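Working notes, beginning with the structure itself.
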Amino acid sequence: MAGNSQILPRNSVAGPALGAVTATMCFLACLALGAVLSVNKAAHNWLTQATGAVTIQITDTENLTARDQLQAVERVLKRTRGIKTYEIIPEEKLIGLLEPWLGTGNVTADLPIPVMLDVSLNKEQRFNENGLRIELSAVAPGAKLDTHGRWRQNLERGVQTLRVLASLILILVTIATATVIIFATRAGLGTNKQTVEVLHLIGARDKFISRQFERQFLTLSLLSCAIGYVAAASIFHLLFTLMTDMEDMQFYLLLLSVPVLSILMTWLIIRNFVIRTLAKAL
Amino acid sequence: MAGNSQILPRNSVAGPALGAVTATMCFLACLALGAVLSVNKAAHNWLTQATGAVTIQITDTENLTARDQLQAVERVLKRTRGIKTYEIIPEEKLIGLLEPWLGTGNVTADLPIPVMLDVSLNKEQRFNENGLRIELSAVAPGAKLDTHGRWRQNLERGVQTLRVLASLILILVTIATATVIIFATRAGLGTNKQTVEVLHLIGARDKFISRQFERQFLTLSLLSCAIGYVAAASIFHLLFTLMTDMEDMQFYLLLLSVPVLSILMTWLIIRNFVIRTLAKAL
Amino acid sequence: MIRFENVSLRYDNNTDVLQDINFELKPGSFHFLTGSSGAGKTSLLKLIFLAGKPSGGKVFLFNQDSARLPRAALPEIRRRIGVVFQEFRLLDHLTIYENVSLPLRVCNIKETQYRSNILELMNWVGLGDRINAFPTTLSGGEQQRAAIARAVVGRPNVIIADEPTGNVDTEIGMRLMRLFAELNKQGTTILIATHDKQLWEGSPYPRLHLEQGSLVPTYGEY
Amino acid sequence: MIRFENVSLRYDNNTDVLQDINFELKPGSFHFLTGSSGAGKTSLLKLIFLAGKPSGGKVFLFNQDSARLPRAALPEIRRRIGVVFQEFRLLDHLTIYENVSLPLRVCNIKETQYRSNILELMNWVGLGDRINAFPTTLSGGEQQRAAIARAVVGRPNVIIADEPTGNVDTEIGMRLMRLFAELNKQGTTILIATHDKQLWEGSPYPRLHLEQGSLVPTYGEY
Ligand SMILES: Nc1ncnc2c1ncn2[C@@H]1O[C@H](COP(=O)(O)OP(=O)(O)OP(=O)(O)O)[C@@H](O)[C@H]1O
Ligand SMILES: Nc1ncnc2c1ncn2[C@@H]1O[C@H](COP(=O)(O)OP(=O)(O)OP(=O)(O)O)[C@@H](O)[C@H]1O
Ligand SMILES: [Mg+2]
Ligand SMILES: [Mg+2]
């Protein structure tokens with residue numbers, strides 16, 4: 001019974017204030033990491049589509065019709081590394097694309113519709129864009145390669161900015177949390193200075209005293225990190241449901257690294273700090 | 001000299017731990033508010049452009065050429081509320097827009113190029129999109145109004161989502177901060193229980209004691225909120241410089257509301273809590 | 001000045017610590033309060049310096065019923081009562097000088113007005129060379145003397161001392177008693193709780209004796 | 001068992017609190033340590049229970065030089081020395097029972113092994129009915145007795161008591177002295193610092209007397 005009670009006053013080291021901080025910080029860190037993870041994934045999807053959406057447009061030239069150049073282009077495409085497959089876009093689809101510009105029914109048979117090829121790339125192999133462009137212009141002067149390069153660059157830069165920003169937030173939150181924990185531990189040691197002194201004088205070992213500190217912290221830290229994690233996971237779940245984005249287990253597992261690392265970090269800081277302070281005591 | 005020293009032990013109420021929390025929370029709140037403010041502004045810019053970019057496209061019908069319908073359309077536009085000005089897009093510019101599809105030099109005089117009007121809206125007046133659409137179809141069956149409505153809706157929804165998310169973060173940060181402050185104050189009162197009791201017994205008034213608490217907090221709170229604000233402002237300054245966005249004084253003034261409100265909130269919480277606790281003491 | 005009428009006291013449902021206490025301290029009087037350990041001396045004193053309320057009966061301080069004082073009136077009353085606590089209750093984070101001057105600071109008195117008085121008082125209790133030390137670096141007896149200095153510095157009408165000589169030797173004890181006697185001559189009402197026979201034996205002052213929570217008559221008047 | 005060789009002590013650049021102290025406590029001996037307030041009694045005891053190191057000379061505890069003990073060896077030594085602190089040093093957030101059992105808990109002894117011992121001891125010091133009370137609700141004398149119980153509960157080889165009867169009346173004081181005498185008979189070495197003449201006058205035990213930081217000879221042996 002009484003013999004198992006805590007030796008340090010309740011909440012004197014890891015009180016509700018530290019708990020609230022830990023929970024909030026864990027929550028924010030989860031949000032930041034989650035944001036990076038989902039944007040990374042979304043960007044990956046877009047980039048895949050964009051990279052897959054390489055198109056070649058062949059128009060008539062003075063000497064050659066589009067149809068004439070098509071065979072040469074197909075030969076080049078077949079021997080180019082990094083191209084998985086290609087497909088000629090049917091004429092009706094092209095006309096559909098032009099109609100908003102020309103008005104329905106205005107596209108007639110005598111309008112010089114270009115030939116369009118939709119090229120899928122093979123992700124595993126490097127695709128040499130400039131090489132293909134040069135080869136194409138050699139065999140088919142009316143062929144034009146469009147890789148949406150500028151758009152992709154913009155997107156990649158945006159994602160990169162977001163990644164940097166989120167990392168910044170993660171780092172800041174980590175530093176702030178570590179600071180708070182160190183100060184809280186120091187405050188806890190200060191508050192319990194008399195108690196620690198008495199414990200030393202009646203023959204307690206440093207390890208025994210340190211365990212009292214760690215014990216009080218661990219309960220609290222587990223609880224508050226769990227709260228922070230669950231809060232963040234709920235928000236992501238809500239967002240994913242609203243945006244009908246793909247939601248997967250892996251995401252939540254990766255997110256779990258935040259509370260796990262937080263607890264580990266807090267524990268190491270406290271243990272280290274307490275042991276070092278005790279070694280300087282009576 | 002000694003007579004002006006603090007009566008409560010240094011850092012026993014508002015220690016560095018509370019300072020670090022306040023600074024971090026202020027920083028995060030500034031980030032959240034700043035994000036909403038800048039996205040709001042950016043979205044406003046885009047929406048203004050998008051709303052200004054109303055276009056009307058007139059194509060030939062079986063009975064009427066585009067040119068024939070133009071006059072009727074112009075009459076309608078002139079008497080429609082909310083339209084500031086309109087402009088007929090020159091044919092060369094239209095051909096430039098079509099060339100990627102048809103190949104250079106393929107657009108010939110006999111191709112039925114539609115007539116395009118670029119309409120600017122008057123922000124101050126309400127513009128009735130559907131009304132104009134109906135009127136136009138009555139006088140010019142080949143006219144088509146394009147307001148980029150879907151795109152605008154998407155943008156508006158995106159901005160709305162971000163606004164909700166940022167408000168959520170603001171609310172959470174505020175709640176977390178308030179919790180931390182309340183617990184910290186309670187801890188501070190607990191730590192100083194003996195001191196407060198002695199002060200009461202030698203005849204100190206509640207107000208005198210409360211002032212000791214407030215004094216200790218105010219110094220710390222001012223400092224840490226300033227740190228949080230400056231950190232956030234620096235980040236925004238950096239971002240604005242990188243993105244060559246318009247940076248203005250007003251933004252930073254609005255952001256200033258975060259530290260000001262934080263300090264006010266903390267002060268009210270502490271004062272209230274301390275006075276109420278003291279009233280229950282000896 | 002201070003009057004107890006049928007006062008009783010019990011802590012959370014235990015037996016009565018004090019029962020049916022009646023006495024009066026006239027202005028300018030000097031009393032001892034005696035009784036064995038746990039008899040209720042400190043408990044009785046607490047009722048006087050407003051650290052507790054009686055469970056029954058009435059305590060009159062300066063002719064006011066202590067149970068009916070509004071909270072805002074307590075500081076004024078307490079400033080008129082100087083207390084030497086049994087466990088001293090010095091603030092460990094303040095120097096001895098700051099501790100002793102505290103009763104004046106809470107009245108918002110300027111330091112220039114009291115500094116020399118305090119230095120003089122500190123010399124009187126034999127701490128003149130330790131004014132800037134912190135309580136934890138003082139010997140037990142030195143702490144006790146600092147506590148006495150704090151109790152008397154505000155020139156209160158009443159001084160309540162709980163075991164004020166428990167940690168000093170006979171010689172210093174006598175010196176402190178002379179301080180109390182001197183203050184009493186100047187009109188201060190004094191009540192000293194002690195278990196030290198030497199202190200009251202042979203002194204001219206009356207004695208209140210507690211036994212099992214009740215006042216029992218001692219030889220002489222009370 | 002405990003030997004001081006030319007020991008001196010000074011706190012931060014002040015004059016020496018202790019000078020050239022030489023004495024030995026043989027196993028099973030019983031000594032008083034006397035001296036006026038501020039003479040250095042507590043300072044001397046602190047050197048024994050390892051709350052301080054001498055500025056000069058050597059302190060031998062169980063034949064080991066205290067200055068050369070590695071940090072890891074301190075707990076073992078301290079467990080062999082029971083201390084009654086002048087200011088008690090009970091932990092306010094633990095009950096009296098928990099406070100008294102603390103020296104056993106830090107040795108990782110199971111509660112079942114000591115519970116009945118503690119209850120018996122508490123009855124001995126007259127606190128049998130208050131074991132679940134917190135220190136702040138005890139009278140001064142009761143706290144002092146709890147502090148004594150905590151010092152003796154681990155059956156240490158040496159007991160150091162600083163003013164152990166300063167807050168109790170003569171009757172309880174004598175009872176506590178009988179407890180110390182009883183422990184001494186069972187072989188415990190005892191050293192009691194006090195300014196209370198009654199305690200050592202007429203007792204058979206030798207006395208170490210401190211005056212201005214030096215041991216001065218008393219009548220009889222020391
Ligand atoms: N806050 C409290 N709660 C419960 N019991 C208490 C409280 N304060 C004191 N007591 C009990 O009341 C009794 C009287 O205590 P009090 O402190 O008045 O004694 P005392 O005469 O001052 O003794 P001493 O000379 O030892 O200081 C004691 O048994 C004590 O344990
Ligand atoms: N940590 C310290 N720092 C500086 N001076 C100290 C410290 N501890 C004690 N002193 C001084 O050393 C002297 C001796 O103190 P000590 O506590 O040993 O006296 P004591 O004999 O126990 O007196 P008492 O009977 O009053 O308890 C005192 O003048 C005290 O002010
Ligand atoms: Mg008492
Ligand atoms: Mg001492």
Side-chain angles (χ1 to χ4, degrees), chain B residues 1-19 184-221 270-282, chain C residues 45-46 48-53 70-85 87-115 118-119 131-135 147 150-154 156-157 160 162:
Chain B
M1 45 149 275
N4 285 318
S5 68
Q6 293 212 354
I7 286 181
L8 299 177
R10 225 166 220 276
N11 297 337
S12 64
V13 196
L18 187 61
T185 312
R186 206 175 65 170
L189 277 163
T191 312
N192 291 299
K193 201 178 160 163
Q194 307 285 339
T195 305
V196 168
E197 199 170 310
V198 170
L199 287 175
H200 268 139
L201 287 178
I202 63 176
R205 295 185 186 287
D206 290 352
K207 244 172 71 185
F208 179 89
I209 300 173
S210 172
R211 221 167 33 229
Q212 307 299 322
F213 280 86
E214 291 161 34
R215 183 171 141 180
Q216 197 168 102
F217 131 77
L218 258 177
T219 335
L220 184 100
S221 177
I270 294 204
R271 192 185 169 75
N272 214 315
F273 195 85
V274 170
I275 289 273
R276 269 200 296 154
T277 310
L278 289 182
K280 276 181 273 171
L282 269 187
Chain C
L45 298 185
K46 276 185 180 169
I48 301 179
F49 59 74
L50 296 168
K53 292 218 161 119
R71 182 166 173 76
L74 300 185
E76 288 308 330
I77 303 276
R78 284 182 176 138
R79 287 171 191 183
R80 299 175 67 181
I81 304 175
V83 185
V84 183
F85 302 98
E87 66 280 28
F88 317 149
R89 300 216 189 181
L90 299 171
L91 302 184
D92 282 348
H93 55 280
L94 299 182
T95 64
I96 292 303
Y97 175 85
E98 289 167 342
N99 264 289
V100 172
S101 57
L102 213 48
L104 305 171
R105 273 180 80 183
V106 301
C107 297
N108 295 315
I109 298 175
K110 290 248 165 54
E111 204 201 348
T112 45
Q113 287 172 37
Y114 60 69
R115 184 163 176 85
I118 288 186
L119 296 181
I131 56 165
N132 290 319
F134 288 92
R150 186 180 63 186
V152 306
V153 74
N157 301 123
I160 306 287
D162 199 353

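Letters A, B, ... are given to chains in the order of the sequence lines, protein chains preceding strands, and every chain is numbered from 1. Just so it is clear, the model here is predicted, and its values are computed rather than measured. Values below: all heavy atoms of this structure, side chains included; hydrogens, waters and symmetry mates excluded.
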- line: When the 4.5 angstrom heavy-atom criterion is applied to R80(C) and chain B, the contacting part is neither
message: Testing the basics here: between L282(B) and R71(C), what is the closest heavy-atom pair and its distance to 0.1 Å?
response: O-NH1, 3.2 Å
- prompt: Do you know the tightest heavy-atom contact between H93(C) and T195(B)?
  reply: CE1-OG1, 3.7 Å
query: Rounded to the nearest 0.5 Å, how far does CD1 of I81(C) lie from CG of L201(B)?
result: 10.5 Å
- prompt: Is it the side chain or the backbone of D92(C) that comes within 4.5 Å of chain B heavy atoms, both, or neither?
  reply: neither
message: Quick check: closest heavy atoms across G203(B) and P75(C), and the distance to 0.1 Å?
response: O-CB, 3.5 Å
field: Spacing of L50(C) atom CG and H200(B) atom NE2 [to the nearest 0.5 Å]
entry: 12.0 Å
message: Are more than 12 heavy atoms, taken from residues, nucleotides or ligands other than Q194(B), located less than 6.0 Å from that residue's CD atom?
response: no
message: Less than 4.5 Å to any heavy atom of chain C: does that hold for the side chain of I7(B), its backbone, both, or neither?
response: both
- prompt: Among all residues two or more places apart in sequence or in another chain, which pass the salt bridge (charged side-chain N to carboxylate O under 4.0 Å, His left out) test with R10(B)?
  reply: none
field: Any donor-acceptor pair under 3.5 Å from R205(B) side chain to C107(C) backbone
entry: no
- prompt: Quick one: what part of L102(C) sits under 4.5 Å from any heavy atom of chain B, side chain, backbone, both or neither?
  reply: both
field: Set of residues satisfying salt bridge (charged side-chain N to carboxylate O under 4.0 Å, His left out) with respect to E197(B), sequence neighbours excluded
entry: R89(C)
task: Select one option (side chain, backbone, both, neither) describing which atoms of A72(C) are under 4.5 Å from chain B's heavy atoms.
output: backbone
- prompt: Which atom names give the shortest non-hydrogen contact between R79(C) and A204(B), and what distance separates them?
  reply: NH2-CA, 4.5 Å
